[in-house]
Participant: 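Please read through the structure below; I'll follow up with questions.
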Amino acid sequence: MSDNLYELLSSRFPDDPARPCFQLINGEVVTYGRIRSEAQIVAGRLISEGVVPGDRVALQVEKSPEAVIIYLATLMIGAVFLPLNNAYTASEVAYFLGDAEPRVFIQNAQAYLAGAAGRKPLTDPVPRAGTDLAAIIYTSGTTGRSKGAMLTHGNLASNALALHQAWGFSETDVLLHALPIFHVHGLFVALHCAFLSGIPMIWMPKFDDTEVLKGLAGATVMMGVPTFYTRLLANPEFTRESVAHMRLFVCGSAPLLPSAFADFQARTGHTILERYGMSEAVIITTNPLDGSRLAGSVGFPLPGLDLRIGGGGDTGVIEIKGPSVFSAYWRMPEKTVEEFTADGYFVTGDVGRRDPDGRVWISGRAKDLIISGGFNVYPKEIELILDELEGVTESAVIGLPHPDFGEAVCAVVIGSGDETTMIAACRTQLAAFKVPKRIFFVEDLPRNAMGKVQKNLLRERYGVTFSV
Ligand code: AMP
């Protein structure tokens, strides 16, 4: 076996080709046998179109089993998979295509498979080394140009094997899959864990709390972003009984509110397992399967991953080195150099600390750090206090341009209340320079597809609050 990730994944597919791989919500089942044979046929089509190892295969399609088949076929022939968010507009897509120069660009997975019918299947995957490129994942990039993180077969395989073990996957599991597959969470984390046990996935085109509730009846594991869990909690039919049979709920891609963690525990008796990852390294830390999972902590680094806090203080930017960490940004050598230390650690841009037990606690993105009157303010510290106030469901703290302070600490909160009273409540718990100067009330916060609050949009929206 070479280091081609397809060889590893397909070596774990069940021997019985009739075993289900995808169970769709319309009742249709796509078997492992079909996944394997169609991946071979699609590989045949890609090759006949001139795709050679190292070429990029770009895809902007609806979530479907066919899209996953194209992913597997791309790995199989040693080409480089390049998934694009469905929400990208034509001009955004034009940038990615210009930057990555894919050999093929697929916009309809079903049509691509139909067009592959009758091609000569490729039965033997193209051998790959662990250092060969498997995928390019463009970061969501809220500032500047989006960067393409280059992930190798070795990066993906090492992370998949570590997670499969850390989360105790076995042949008896059934994974509920409601995540998008243009992002590492749904594409690598979820799919690879399932493939490594050859288990069925209950396959949802998107998150819908009613459908997910139905699907959970047949599942043992669910992976989600925090908004999945808060939406489930908002559904009164989501009860302890409805999930009594579940083994594990995993959460990540954005911070899980401690209140959601506690509400989930109270409602279901299950403790959400929070983990932390990013496009450049897939999963970095996880709470333990056995042992205590703490609200607000993202747990321990995965085995084999070195994690340290840069800058010499207790709290600082998290730096990582290990087998899953990417080695470069596509065609951006200067950016790559900037974001690695001289001794080879990737500077994640996330600010955090480790407690005496070694657990990692994240306090936000470095670029969200507020400098007000010369003092550093970490938004998370203020958000945690606001979230405890009556009438507040969730908060996002940002710095806005201010004539005296440079930046003024301000908060945007989901909920309602009296601004002056809330500011006074903060003053009893926080040093004056950390107290929000303004609090804005909203019904919802802007989020991207992975549930991350887009603070850049909030900074734009409220940018002229103080005349500078
Ligand atoms: P992406 O590359 O789009 O997956 O975004 C990665 C970023 O998401 C990380 O750098 C973190 O800022 C954030 N993130 C992911 N998981 C968590 C988590 N469990 N808690 C807090 N932030 C997270």
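When a ligand or atom number is given, it counts from 1 through the structure's own listing order. The structure presented is a predicted model; accordingly, all values stated were derived computationally and were not measured.
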Participant: Quick one: look up the protein heavy atom nearest atom 17 (C) of ligand 1 and list residue, atom name and how far away it is.
Facilitator: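 Here the closest protein heavy atom is Ala254 N, 3.7 Å.
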
Participant: Donor-acceptor pair, distance only, cut-off 3.5 Å: does the side chain of Lys434 make one with the backbone of Val377?
Facilitator: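 Looks like no, no N/O pair under 3.5 Å.
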
Participant: ring-ring contact (aromatic ring centres under 6.0 Å, His included) between Phe340 and Tyr329: does it pass, once the steps are laid out?
Facilitator: CA-CA 11 Å; Phe340 279 87; Tyr329 287 116; 7.8 Å; no

Participant: Which residue holds the protein heavy atom closest to atom 13 (C) of ligand 1, what is that atom called, and what is the gap in Å?
Facilitator: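 Going by distance alone, atom 13 (C) of ligand 1 is nearest to Ser253 O, 3.9 Å.
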
Participant: Return the closest protein heavy atom for atom 12 (O) of ligand 1 as residue, atom name and distance.
Facilitator: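 I find the closest protein heavy atom is Asp350 OD1, 2.5 Å.
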
Participant: Any ion pair linking Asp387 and Lys380 (charged N to carboxylate O, less than 4.0 Å)?
Facilitator: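 No salt bridge links Lys380 with Asp387.
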
Participant: Yes or no: does Arg365 have any heavy atom under 4.0 Å from an atom of ligand 1?
Facilitator: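 It does, in that a heavy atom of Arg365 comes within the 4.0 Å cut-off of ligand 1.
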
Participant: Anything under 30° is parallel, anything over 60° is perpendicular, the rest tilted; go ahead and classify His177 against Trp203.
Facilitator: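 Ring orientation of His177 relative to Trp203: tilted.
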
Participant: Considering both backbone and side-chain atoms of Ser279, is one of its nitrogen or oxygen atoms within less than 3.5 Å of a nitrogen or oxygen in ligand 1?
Facilitator: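 Yes - when backbone and side-chain N and O of Ser279 are compared with those of ligand 1, one distance drops under 3.5 Å.
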
Participant: Nearest non-hydrogen contact with atom 20 (N) of ligand 1 belongs to which option: Lys147, Glu274, Lys380?
Facilitator: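 Residue with the shortest heavy-atom distance to the ligand atom: Glu274.
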
Participant: Relative to the heavy atoms of Val298, which atoms of ligand 1 are at a distance of less than 4.0 Å?
Facilitator: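 In order of numbering, the contacting atoms are 18 (C), 19 (N), 20 (N).
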
Participant: Among protein heavy atoms, which sits nearest to atom 3 (O) of ligand 1, and what does the distance come to when rounded to 0.1 Å?
Facilitator: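 Going by distance alone, atom 3 (O) of ligand 1 is nearest to His183 NE2, 3.2 Å.
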
Participant: Polar-atom distance check: Lys452 versus ligand 1, any N or O pair below 3.5 Å?
Facilitator: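 Yes.
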
Participant: Does a salt bridge link Lys335 with Glu280, judged by any charged N lying under 4.0 Å from a carboxylate O?
Facilitator: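 Not counted as a salt bridge, because no side-chain N and carboxylate O are separated by less than 4.0 Å.
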
Participant: Give a yes or no on whether the ring-centroid distance for Tyr229 and Phe238 is below 6.0 angstrom.
Facilitator: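 Judged by ring-centre distance (under 6.0 Å), Tyr229 and Phe238 do not meet the cut-off.
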
Participant: For Phe300 and Asp357, work out which heavy atoms get closest and say how close.
Facilitator: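 Scanning both residues completely, I find the closest heavy atoms to be CE2-O, 3.3 Å.
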
